[in-house]
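Source: prediction; values computed, not measured.
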Amino acid sequence: MRIYIASKYIEHKNINRKIFEMLQKENISVFLPKSINVDAITLEEMLYVAETCYDEIEKCNVIVIVAPFGKSVSSEIGYAIALKRSNPDKKIILYNYKNNDKSLSTEAMIMPYLDAETNNIDELIRYIKNCS
């Protein structure tokens with residue numbers, strides 16, 4: 001099993017690291033886009049980061065979305081949903097990190113594709129472990 005963490009790089013860096021470390025402690029393979037270590041300033045760098053991320057989303061069994069999120073994460077979500085439509089075994093989990101992003105509950109293009117939603121990190125890890 002492999003996990004992809006779709007999250008804001010800078011704003012959520014501490015929670016991203018915590019999720020990453022908790023999953024590694026459970027011997028679960030995890031990909032965090034920040035690990036690419038490219039600033040993505042030039043168009044070539046942006047393309048490299050985007051293609052690397054899309055390739056990883058394809059490889060991963062579970063996509064963890066950390067909310068609130070921005071435009072890049074929205075792209076990752078859209079791609080994960082497109083893949084899930086042809087492969088229902090791919091799981092998408094929403095982790096509502098700040099527990100205040102109620103706007104997603106009415107997102108008709110996202111909510112039907114979520115397999116789980118939580119605002120508790122231990123519950124997130126338990127759900128991921130049960131996906132294997």
Separation between [atom1] of [X] and [atom2] of [Y], rounded to the nearest 0.5 Å:
X: Lys129; Y: Glu26; atom1: NZ; atom2: CD; value: 3.5 Å
X: Ile19; Y: Asn14; atom1: CD1; atom2: CG; value: 11.0 Å
X: Ile3; Y: Gln24; atom1: CD1; atom2: CD; value: 12.0 Å
X: Leu32; Y: Cys53; atom1: CG; atom2: SG; value: 9.5 Å
X: Ile125; Y: Ile28; atom1: CD1; atom2: CD1; value: 7.0 Å

Linked, directly or transitively: [X] and [Y] (ILVMFWY side chains, under 4.5 Å):
X: Met111; Y: Phe69; value: yes
X: Val64; Y: Ile121; value: yes
X: Tyr79; Y: Tyr48; value: yes

Are any side-chain N or O atoms of [X] and backbone N or O atoms of [Y], one a donor and one an acceptor, separated by less than 3.5 Å?
X: Glu45; Y: Ile41; result: yes
X: Asn96; Y: Asn119; result: no
X: Asn16; Y: Lys8; result: yes

Exercise for the section: Answer with yes or no whether the side chains of Tyr95 and Glu117 bring together a donor and an acceptor at under 3.5 Å. Expected result: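 No pair is found: no donor N or O on one side chain lies under 3.5 Å from an acceptor on the other.
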Problem - No-hydrogen, no-angle side-chain donor-acceptor test under 3.5 Å, Tyr4 and Glu76 - result: yes
Exercise for the section: Inspect the surroundings of CG in Asp39 and state if more than 12 heavy atoms from other residues, nucleotides or ligands are less than 6.0 Å away. Expected result: no
Practice task
Determine, for Tyr113 and Lys84, whether the Lys NZ or Arg CZ falls below 6.0 Å from the six-membered ring centre while staying within 45 degrees of the axis.
Solution key: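 No, Lys84 and Tyr113 do not form such a contact.
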Handout entry: NZ/NE/NH1/NH2 to OD/OE distance under 4.0 Å, Asp115 and Lys90
Key =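 No, Asp115 and Lys90 are not salt-bridged.
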Exercise for the section: Any chance you could lay out the side-chain contact (heavy atoms from CB on, under 4.5 Å) test for Val73 and Ile65, step after step, and finish with the verdict? Expected result: CA-CA 8 Å; Val73 174; Ile65 303 162; 4.2 Å; yes
Handout entry: Step-by-step salt bridge (Lys or Arg N to Asp or Glu O under 4.0 Å) determination, Glu56 to Lys59
Key = CA-CA 5 Å; Glu56 284 293 333; Lys59 293 176 195 173; 3.7 Å; yes
Practice task
Give the C-alpha distance, both sets of side-chain angles, the deciding distance and a yes or no for side-chain contact (heavy atoms from CB on, under 4.5 Å) between Asn61 and Asp89.
Solution key: CA-CA 7 Å; Asn61 313 82; Asp89 291 335; over 6 Å; no
Exercise for the section: Could you give me the CA-CA distance, side-chain angles and deciding distance for Ile36 and Phe31, then say whether side-chain contact (heavy atoms from CB on, under 4.5 Å) is met? Expected result: CA-CA 9 Å; Ile36 299 170; Phe31 179 80; 3.9 Å; yes
